[in-house]
Number of protein chains: 2
Amino acid sequence: MATLTFRLNQNLYLRDPQHTDLGQKIIRKSVEMIDKLGFEHFTFKKLADEIESTEASVYRYFENKHRLLLYLISWYWSWLDYRIDLFTSSSTEAEAKLRACLRVLCEEKKYDPAFEFINEEALHRIVVAELDKTYLTKSVDHDNQEGLFVGFKSLCKKIAGWVAEINPAYPYPNALISMILLSAKQQIFFADHLPSLTNLPPSADRHQKLNLFLEEILFRTIQKN
Amino acid sequence: MATLTFRLNQNLYLRDPQHTDLGQKIIRKSVEMIDKLGFEHFTFKKLADEIESTEASVYRYFENKHRLLLYLISWYWSWLDYRIDLFTSSSTEAEAKLRACLRVLCEEKKYDPAFEFINEEALHRIVVAELDKTYLTKSVDHDNQEGLFVGFKSLCKKIAGWVAEINPAYPYPNALISMILLSAKQQIFFADHLPSLTNLPPSADRHQKLNLFLEEILFRTIQKN
DNA sequence: CGATTAAGGATAGTATTACTATCAAATCGG
DNA sequence: CCGATTTGATAGTAATACTATCCTTAATCG
């Protein structure tokens, strides 16, 4: 099988981790550890110990742990974008594309064998729990200038484009889509931890319910008249 | 003028800061400093230096800085709840209540002289920038059990109740309201820092636009049939 | 009025974190 | 096989998030 890799913004890393053995270990293990410990309790020291390397070596790949998180989450958005392309390319209608897109967004994430060293299931949990921390910092503006959020921004733009195709007069397509993208993560988190803030059940069919919830909001909001 | 205070969950603090001079200084100054430095760069040491007290003394009021943040944000939700009551009590119709409620949620926040030692404008910016960090931690479940999120949860429940009054058949009232409550903060943040993720303008009338945006989503989504 | 208690100040100390720096050993490409 | 690059090993630093102890002062209560 051909190995796919995503070309991510070079400012995310110092040395490309996809190209070396140590780099791949860093990615694989950090996904596992951030998922388990949470980003706050995850440190380069602990990571280095686990992969039997040293802190200094990890710092040669990533400037700091914040950039590593940004890297992982950028990877996630690229992956989602790729999957959305996969499932929307067969449609020509914007409406069908949007429906397919929401399905991909809400689906339960499983390990994707197309990408060997990433555990997508764990990465999805990381995105749910840590996404907001990537931009809620005093360095947002700087990070944004360096292009560290392009993955999220371009995905949002693409989907908002379909909204504009359906109803060019609707004035808030980007706001609506960014809201939906974030809500998909938030509501899953609430279902797991603060159930009174949602109506999604704890059971496995919550992904389907989430899909219904968001689809209704999206299409009712953008319908004409 | 009668001085109002909110009765917040006792687990938020070790000693009630509203009742002492030092406590009030801690609240007033921490709002100012978290707003300026951001929560990550804010420390009890820096705070103590500013109010000319000591780290140890601050720790006598709050177990740690995370609880202090939770305290401030709980205070904010209580305040919002109080303002929503103020502006909805005149209406009897659920729809009118919801409209008034969204107006309060989206309005630009100004200093409220009813509460002397809190700068609501700064606190609002803190909520916008730091809210998600209060629950995106490994200790959510524990904090939730201690009742540290009741402020947000009860507000959400109250508003969702009005939704249910209008359309009892709508299956996701809590999810819809929590989404809207959070989006109101998020979209303001995007307008300031990641404008391509929203359609709110940088100008002052963005609060009004935000109101239109959210009102349309809410009422279109819950309309019957 | 004197004694008790509580609040706050002063100081010290600890483990951990998030780095930075230096040098030597291994390895890899031409 | 030579030289450049990569990694490992080790050390060190400033800051952070606490905890502990002791002392002074102020309020309270019989």
Side-chain angles (χ1 to χ4, degrees), chain A residues 10-30 33-34 36-72 117 130 133-134 137-139 142-143 148, chain B residues 10-30 33-34 36-72 117 130 133-134 137-139 142-143 148:
Chain A
Q10 298 205 356
N11 291 324
L12 289 165
Y13 51 81
L14 298 171
R15 245 211 268 305
D16 190 336
Q18 292 183 103
H19 292 346
T20 66
D21 199 54
L22 180 60
Q24 298 193 5
K25 267 194 223 163
I26 290 174
I27 299 303
R28 183 188 290 114
K29 203 73 192 179
S30 62
M33 291 181 77
I34 294 174
K36 197 164 69 190
L37 302 176
F39 185 63
E40 323 297 315
H41 297 112
F42 165 83
T43 72
F44 278 4
K45 180 87 180 52
K46 290 175 188 168
L47 172 64
D49 288 350
E50 283 278 322
I51 60 178
E52 285 173 311
S53 178
T54 62
E55 237 183 314
S57 296
V58 178
Y59 274 103
R60 287 180 185 117
Y61 281 84
F62 293 98
E63 216 178 308
N64 51 54
K65 71 172 188 165
H66 185 242
R67 297 247 162 164
L68 169 57
L69 181 62
L70 273 163
Y71 179 93
L72 296 177
F117 55 93
E130 321 287 358
K133 295 174 193 164
T134 58
T137 71
K138 279 282 160 184
S139 60
H142 181 256
D143 290 352
L148 306 189
Chain B
Q10 298 206 354
N11 291 324
L12 289 165
Y13 51 81
L14 297 172
R15 244 210 269 306
D16 190 336
Q18 292 183 104
H19 293 347
T20 67
D21 200 54
L22 179 61
Q24 297 192 5
K25 267 195 221 162
I26 289 174
I27 300 302
R28 182 187 291 113
K29 203 72 192 179
S30 63
M33 291 182 78
I34 295 174
K36 198 164 70 192
L37 303 176
F39 185 63
E40 323 297 314
H41 296 111
F42 165 82
T43 71
F44 278 4
K45 181 84 179 54
K46 290 174 188 168
L47 172 64
D49 288 350
E50 283 278 322
I51 61 178
E52 285 173 309
S53 178
T54 62
E55 235 184 316
S57 296
V58 179
Y59 274 104
R60 287 183 185 116
Y61 282 84
F62 293 99
E63 214 177 307
N64 52 53
K65 71 172 189 166
H66 185 244
R67 297 249 162 162
L68 169 56
L69 181 62
L70 273 163
Y71 179 92
L72 296 177
F117 54 93
E130 321 287 357
K133 294 173 194 164
T134 59
T137 71
K138 279 283 159 183
S139 60
H142 181 255
D143 290 353
L148 307 188

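Just so it is clear, the values below take in all heavy atoms, side chains as well, and ignore hydrogens, waters and symmetry mates. Proteins get letters first, then strands, A, B, ... in listed order; numbering begins at 1 in each.
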Q: Between C1' on D:dG8 and CG on A:L47, what's the gap in Å once rounded to a whole number?
A: 15 Å
Q: For a quick test of reading the model: is some side-chain N or O of A:Y61 closer than 4.0 Å to OP1 or OP2 of D:dT7?
A: yes
Q: Using a 4.0 Å heavy-atom cut-off to protein, can you give one letter per nucleotide of nucleotides 9-22 of chain C, 5' to 3': B if the base is in contact, S if only the sugar-phosphate is, - if neither?
A: B-------SBBBBB
Q: Could you state the CG-C1' distance from A:D16 to D:dT5, rounded to the nearest angstrom?
A: 16 Å
Q: So do A:L47 and A:E55 actually touch side chain to side chain, heavy atoms under 4.5 Å?
A: no
Q: Rounded to the Å, how far apart are B:H19 NE2 and C:dA7 P?
A: 12 Å
Q: Are B:I51 and B:L22 side-chain neighbours, meaning at least one heavy-atom pair lies under 4.5 Å?
A: yes
Q: Whole angstrom is fine here: how far is it from CG in A:D21 over to C1' in D:dG8?
A: 15 Å
Q: Within a strict 4.5 Å, meaning less than it, do heavy atoms of the B:I26 and B:F62 side chains meet?
A: yes
Q: Could you check whether atom NZ of A:K46 has more than 12 heavy atoms from other residues, nucleotides or ligands sitting under 6.0 Å from it?
A: yes
Q: Grab the CD-P distance between A:Q24 and D:dT6 for me, whole Å please.
A: 15 Å
Q: Considering only NZ, NE, NH1 and NH2 on the basic side and carboxylate oxygens on the acidic side, decide whether A:E40 and A:K133 come within less than 4.0 Å.
A: yes
Q: Residues in side-chain hydrogen bond (donor to acceptor under 3.5 Å, both in side chains) with B:N64, at least two apart?
A: none
